[in-house]
Each structure stands twice: as structure tokens, then as C-alpha cells.
Peer 1: 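Below you will find the structure I want to go over with you.
Quick caveat, the model's predicted, so the values are computed rather than measured. The figures that follow rest on heavy atoms only: side chains count, while hydrogens, waters and symmetry mates do not.
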Amino acid sequence: MSAAGAGRRPMRSDARRNRATLVEVARKVFAEHGADASLEEIARQSGVGIGTLYRHFPTRETLLDAVVRDRVAALSDNATRQLGGSDPAEALLGWLREVIRHAATYRGLTAALMVHLHDTDPLYETCLTMHKTAAELLSRAQRAGAVRAGVDATDLFGVVNAIGWLAEHTPDREDGVDRALDIVVNGLRGR
């Protein structure tokens with residue numbers, strides 16, 4: 001056991017339940033009201049006080065990270081599986097569509113992720129995972145000649161988040177998201 005782990009007691013079962021409930025309720029409240037939803041409301045619906053919420057999640061970003069971390073891991077795992085596929089362009093496009101759908105789930109999530117792309121806040125690791133995944137898929141598509149050189153993962157991440165923002169703000173226009181993605185894909189294609 002490490003020195004850091006030696007001084008830390010395991011979380012009590014009621015604390016584990018509270019934490020799990022807070023994440024599940026936050027997932028629902030953020031989906032309904034956006035990433036800037038009331039933390040007090042999340043605590044209330046979880047059946048705990050705001051102090052308990054802050055004990056588990058000292059900032060909004062730590063709670064957001066807990067809410068999206070599993071989904072981001074699933075997106076990255078799916079991308080890793082697609083890296084072995086035969087069509088690098090289709091792998092990249094399929095992953096982009098998944099990321100856009102995920103980003104549109106919680107209004108304000110794309111903005112939060114973009115803000116934390118290059119800092120050390122709790123969402124940074126989640127953003128870094130997404131950035132690395134995009135870089136791997138993009139590099140493979142570029143090596144295959146399906147995507148032009150000169151585009152990097154930061155460019156791709158920014159464009160995808162912009163389309164995610166569009167999806168958040170025009171939920172009744174799914175065709176608008178598809179059109180925007182088609183425009184981006186055509187702009188990315190290798191010559």
C-alpha cells in the first residue's frame with residue numbers, strides 16, 4: 001500500500017451510495033437542464049444536503065467529470081476498436097458522429113470541455129482522453145490519404161465541439177447537424 005493510500009480510509013457504504021446517487025441524478029438533471037444546472041437541485045433530488053454533494057464533488061467540474069467520464073471512456077474504447085478496421089475515413093466519421101451525439105446530450109457540455117482542453121481542472125483528463133482518441137483516428141485516416149495533411153486533433157476537436165454546440169442549440173434540426181458534419185468531412189478529405 002502506498003503512503004498516500006495508507007492514510008486514506010475506504011469510503012463507507014452509505015457514502016458510496018450517496019456518491020453513486022449524486023452522479024446518477026446529476027446525469028438526469030444535466031441532461032434536462034444543461035451543464036449549468038443547479039447543484040442544490042441535484043443534492044435535493046439525491047436526498048442529501050449540499051454539503052454532502054460538495055464533500056464528494058468540490059466543484060461543478062468534478063461532478064461533470066464523474067458524469068461524463070464513463071461515456072468518454074466508452075467513446076475512446078469504441079475508437080480503439082475502430083482503429084483496427086479496414087476503412088480509416090469511416091472509422092473517423094463514425095466516431096465523430098458518436099462524439100457529437102454525446103456532446104449534445106448535456107447543454108453546455110461542449111463549452112465546458114473546450115474551456116478545459118488545456119488546463120488542469122478536473123475535466124482536463126477527460127478532454128485529454130478525447131483529444132488523444134481524435135489524434136489516433138485522424139492520423140490513421142491521414143496515413144491512408146482519406147484526410148488531408150495539415151489538420152490536427154485540436155482542429156478536429158474544435159470543429160466537432162462547434163457542431164456539438166449546433167446540436168445543443170438546434171435540437172429540432174438534426175439535418176443541420178448532418179449537413180454541418182458533411183461540410184466538415186468534405187473539407188477534411190484528402191486531395
Peer 1: Has W95 got a side-chain atom pairing as donor or acceptor with L75's backbone, closer than 3.5 angstrom?
Peer 2: yes
Peer 1: Tell me, with the steps shown, if V99 and I163 meet side chain to side chain contact (heavy atoms under 4.5 Å, CB included).
Peer 2: CA-CA 10 Å; V99 170; I163 296 172; over 6 Å; no
Peer 1: Identify, with sequence neighbours excluded, every residue that meets salt bridge (charged side-chain N to carboxylate O under 4.0 Å, His left out) alongside R81.
Peer 2: none
Peer 1: Rounded to the nearest 0.5 Å, how far does OH of Y54 lie from CG of L39?
Peer 2: 4.5 Å
Peer 1: Who are the side-chain contact (heavy atoms from CB on, under 4.5 Å) partners of D155, not counting sequence neighbours?
Peer 2: V151, D152
Peer 1: Output, in order, the C-alpha distance, side-chain angles, deciding distance and verdict of side chain to side chain contact (heavy atoms under 4.5 Å, CB included) for L156 and V147.
Peer 2: CA-CA 11 Å; L156 190 61; V147 173; over 6 Å; no
Peer 1: Any idea which heavy atoms bring D87 and R140 closest together, and the distance?
Peer 2: C-NH1, 4.1 Å
Peer 1: With sequence neighbours excluded, tell me which residues meet side-chain contact (heavy atoms from CB on, under 4.5 Å) with V48.
Peer 2: N18, L22, A43, S46, T52
Peer 1: According to salt bridge (charged side-chain N to carboxylate O under 4.0 Å, His left out), does anything in residues 42-60 pair up with another residue at least two apart or in another chain? List the pairs.
Peer 2: E41-R44
Peer 1: Using modelled atom types only, decide if a donor and an acceptor are shared between the side chain of Q142 and the backbone of R148 within a distance under 3.5 Å.
Peer 2: yes
Peer 1: Grab the two heavy atoms, one from R19 and one from H56, that are nearest each other, plus how far apart they are.
Peer 2: NH1-O, 3.5 Å
Peer 1: My understanding is that only one of L53, I50, V23, V67 makes a side chain to side chain contact (heavy atoms under 4.5 Å, CB included) with I42; could you say which?
Peer 2: L53
Peer 1: To the nearest 0.5 angstrom, please state how far the CG atom of L63 sits from the CZ atom of F30.
Peer 2: 4.5 Å
Peer 1: Using side-chain hydrogen bond (donor to acceptor under 3.5 Å, both in side chains) as the criterion, list what pairs up with R97, not counting sequence neighbours.
Peer 2: D178
Peer 1: In the structure I gave you, are the side-chain heavy atoms of D14 and R17 within less than 4.5 Å of one another anywhere?
Peer 2: yes
Peer 1: Could you tabulate the donor-acceptor pairs under 3.5 Å formed by side-chain atoms of residues 132-139, not counting sequence neighbours?
Peer 2:
| residue | atom | partner | partner atom | Å |
| --- | --- | --- | --- | --- |
| T133 | OG1 | S76 | OG | 2.9 |
| T133 | OG1 | T129 | O | 2.9 |
| S139 | OG | R143 | NH1 | 2.6 |

Peer 1: Which pairs, with at least one residue in residues 25-34 and sequence neighbours excluded, count as a salt bridge (charged side-chain N to carboxylate O under 4.0 Å, His left out)?
Peer 2: E24-R27
Peer 1: Taking only residues two or more places apart in sequence or in another chain, which ones pass side-chain hydrogen bond (donor to acceptor under 3.5 Å, both in side chains) with E40?
Peer 2: S38
Peer 1: What distance do L93 atom CG and E98 atom CD have between them, rounded to the nearest 0.5 Å?
Peer 2: 11.0 Å
